[in-house]
Amino acid sequence: MKIIDISQKLHNEIPVWPGDTPFQFQLGWKMEDSGSVNVGQVRMSTHTGTHIDAPFHFEEDGKRVADLPLERFIGTALVVDVSGLGSIGRSDLEHLDLSGATKLLLKTGAWTDRRAFPPEIPHLREDIAPYLVSSGIDLIGVEVPSVDPLDSKELPAHHALQYHNIQILEGIVLDHVNIGTYQLIALPLSLVEGDGCPVRAVLIEK
């Protein structure tokens with residue numbers, strides 16, 4: 001069994017959505033002061049790095065993170081290559097065999113410099129959602145910070161995916177992952193009021 005980490009590393013220079021809370025880790029207690037332990041403090045947005053979106057992120061009455069079923073974040077995942085596309089919809093996936101998978105991870109190679117927030121990203125078109133659910137997919141993962149265009153206020157892909165009960169995983173790292181089938185584990189913390197949550201996303205290759 002091989003475990004492949006597909007998460008971004010969290011550090012004080014990690015790029016975040018422009019205007020969002022910068023990530024900060026520091027020691028609140030140091031061994032030299034406490035006499036026994038180091039204890040860290042973390043300040044960050046719930047959408048830092050590799051993270052999931054809860055429906056409350058874009059719907060006032062949407063479910064929070066702690067309300068989401070954990071099985072959504074564990075299961076058979078298919079990694080596919082859709083690089084070079086400005087947007088991704090049904091017509092870009094119809095040639096693929098999605099049978100046997102419940103999670104779909106899109107490898108685009110679009111975020112080439114992870115030291116900086118990307119100026120533009122490939123986004124999902126609304127027609128992808130009904131196609132995914134008809135194919136048995138209940139989670140989609142993207143390598144970029146959003147499933148919608150960066151300047152979108154309507155968030156059509158977010159809403160379409162939620163309408164079809166498909167979970168959103170954003171900011172994964174697939175540069176070092178071959179296309180194929182894996183087991184995905186990407187569990188969020190049980191944030192009772194959370195609109196999103198960073199995850200440690202891994203693929204298990206058997």
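We count residues from 1, following the sequence as given.
Atom-to-atom distance recorded for Glu193:CD and Asp67:CG is 8.5 Å, nearest 0.5 angstrom. Summarising the geometry, atom CG belonging to Asp97 is positioned 11.0 Å from atom NE2 belonging to His95; distances are rounded to the nearest 0.5 Å. Note: Gln41 CD to Trp29 CH2 = 10.0 Å, rounded to the nearest 0.5 Å. In this structure, CD in Glu94 is found 9.0 Å from OG in Ser135, a value given to the nearest 0.5 Å. To the nearest 0.5 angstrom, Thr102 atom OG1 is 6.5 Å from Ile137 atom CD1. A distance of 6.0 Å separates CG in Asn178 from NZ in Lys107, rounded to the nearest 0.5 Å.
The two residues Gly49 and Ile14 have their closest heavy-atom pair at CA-CD1, 3.9 Å. Closest of all the heavy-atom pairs between Phe23 and Asn12 is CD2-OD1, 3.6 Å. When all heavy atoms of Pro198 and Ser45 are compared, the closest pair comes out as CG-O, 4.3 Å. Across every non-hydrogen atom of Thr108 and Ser83, the tightest pair is O-CB, 3.2 Å. Contact record, Ala201 with Ser7: N-OG, 2.6 Å, taken as the closest heavy-atom pair. When all heavy atoms of Gly62 and Phe56 are compared, the closest pair comes out as O-CB, 3.5 Å.
Hydrophobic clustering (side-chain heavy atoms under 4.5 Å, transitive across Ile, Leu, Val, Met, Phe, Trp, Tyr) groups Phe73 together with Ile6. Hydrophobic clustering of Ile, Leu, Val, Met, Phe, Trp and Tyr side chains at less than 4.5 Å, counting indirect connections, keeps Tyr182 apart from Leu104. Residue Val80 is grouped with residue Ile168 when hydrophobic side chains (ILVMFWY) are merged at heavy-atom distances under 4.5 angstrom, including chains of intermediate members. In terms of hydrophobic clustering, with Ile, Leu, Val, Met, Phe, Trp and Tyr side chains grouped at heavy-atom distances under 4.5 Å, Ile88 and Tyr131 are assigned to a common cluster. A chain of hydrophobic side-chain contacts below 4.5 Å, direct or via other Ile, Leu, Val, Met, Phe, Trp or Tyr residues, connects Ile4 to Ile204.
When atom types are taken as modelled, the side chain of His164 and the backbone of Ile166 share no donor-acceptor pair closer than 3.5 angstrom. Asp127 places a side-chain N or O within 3.5 Å of a backbone atom of Arg90 that can act as its donor or acceptor partner. Using modelled atom types, one side-chain atom of His176 and one backbone atom of Asp5 make a donor-acceptor pair closer than 3.5 Å. For the pair Asn38 (side chain) and Met31 (backbone), a donor-acceptor distance under 3.5 Å is present. Side-chain atoms of Thr21 do not come within 3.5 Å of backbone N or O of Met44 as any donor-acceptor pair. Using modelled atom types, one side-chain atom of Gln8 and one backbone atom of Gly171 make a donor-acceptor pair closer than 3.5 Å. Gln162 contributes no side-chain N or O that, together with a main-chain N or O of Gln167, makes up a donor-acceptor pair within less than 3.5 Å.
For the pair Leu189 and Val65, the minimum side-chain heavy-atom distance is 4.5 Å or more. Residues Leu105 and Leu139 are in side-chain contact: their nearest non-hydrogen atoms beyond the backbone lie under 4.5 Å apart. A 4.5 Å side-chain heavy-atom check between Leu150 and Pro119 finds every atom pair outside the cut-off. The side-chain heavy atoms of Ile52 and Arg72, taken from C-beta on, include no pair separated by under 4.5 Å. Counting heavy atoms from C-beta outward, His51 and Thr46 have side chains that stay 4.5 Å or more apart.
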### Query
Do Ile128 and Ile140 pass the side chain to side chain contact (heavy atoms under 4.5 Å, CB included) test, and can you show the C-alpha distance, the side-chain angles, and the key distance before you say yes or no?
CA-CA 10 Å; Ile128 199 172; Ile140 188 160; 4.0 Å; yes

### Message
Before you tell me yes or no, could you show the steps for Leu124 and Leu161 under side chain to side chain contact (heavy atoms under 4.5 Å, CB included), namely the whole-Å CA-CA distance, both residues' side-chain angles and the distance that decides it to 0.1 Å?
### Response
CA-CA 10 Å; Leu124 304 186; Leu161 291 167; 4.1 Å; yes

### Query
Where do Thr76 and Thr181 land on the side chain to side chain contact (heavy atoms under 4.5 Å, CB included) test, with the steps shown first?
CA-CA 7 Å; Thr76 303; Thr181 302; 3.4 Å; yes

### Message
Run the side chain to side chain contact (heavy atoms under 4.5 Å, CB included) test on Ile172 and Glu143 for me, step by step, so that the C-alpha distance in whole Å, both residues' side-chain angles and the decisive distance to 0.1 Å come before the verdict.
### Response
CA-CA 5 Å; Ile172 56 178; Glu143 291 185 294; 4.2 Å; yes

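Around atom CD of Glu120, no more than 12 heavy atoms belonging to other residues, nucleotides or ligands sit under 6.0 Å away. Counting non-hydrogen atoms of other residues, nucleotides and ligands closer than 6.0 Å to CD1 of Ile179 gives a total of 12 or fewer. Residue Tyr163 qualifies as open at atom OH: its count of foreign heavy atoms under 6.0 Å is 12 or below. Shown here is Trp17, whose CH2 atom has more than 12 heavy atoms of other residues, nucleotides or ligands within 6.0 Å.
Counting only N and O atoms by type, the side chains of Asp20 and His47 include no donor and acceptor under 3.5 Å apart. Counting only N and O atoms by type, the side chains of Thr50 and Glu170 include no donor and acceptor under 3.5 Å apart. In summary, the side chains of Asp148 and Ser146 do not present any donor paired with an acceptor at a separation below 3.5 Å, with no hydrogens or angles considered.
Between Asp138 and Lys103, at least one side-chain nitrogen of the basic residue sits less than 4.0 Å from a carboxylate oxygen of the acidic one, meeting the salt-bridge criterion.
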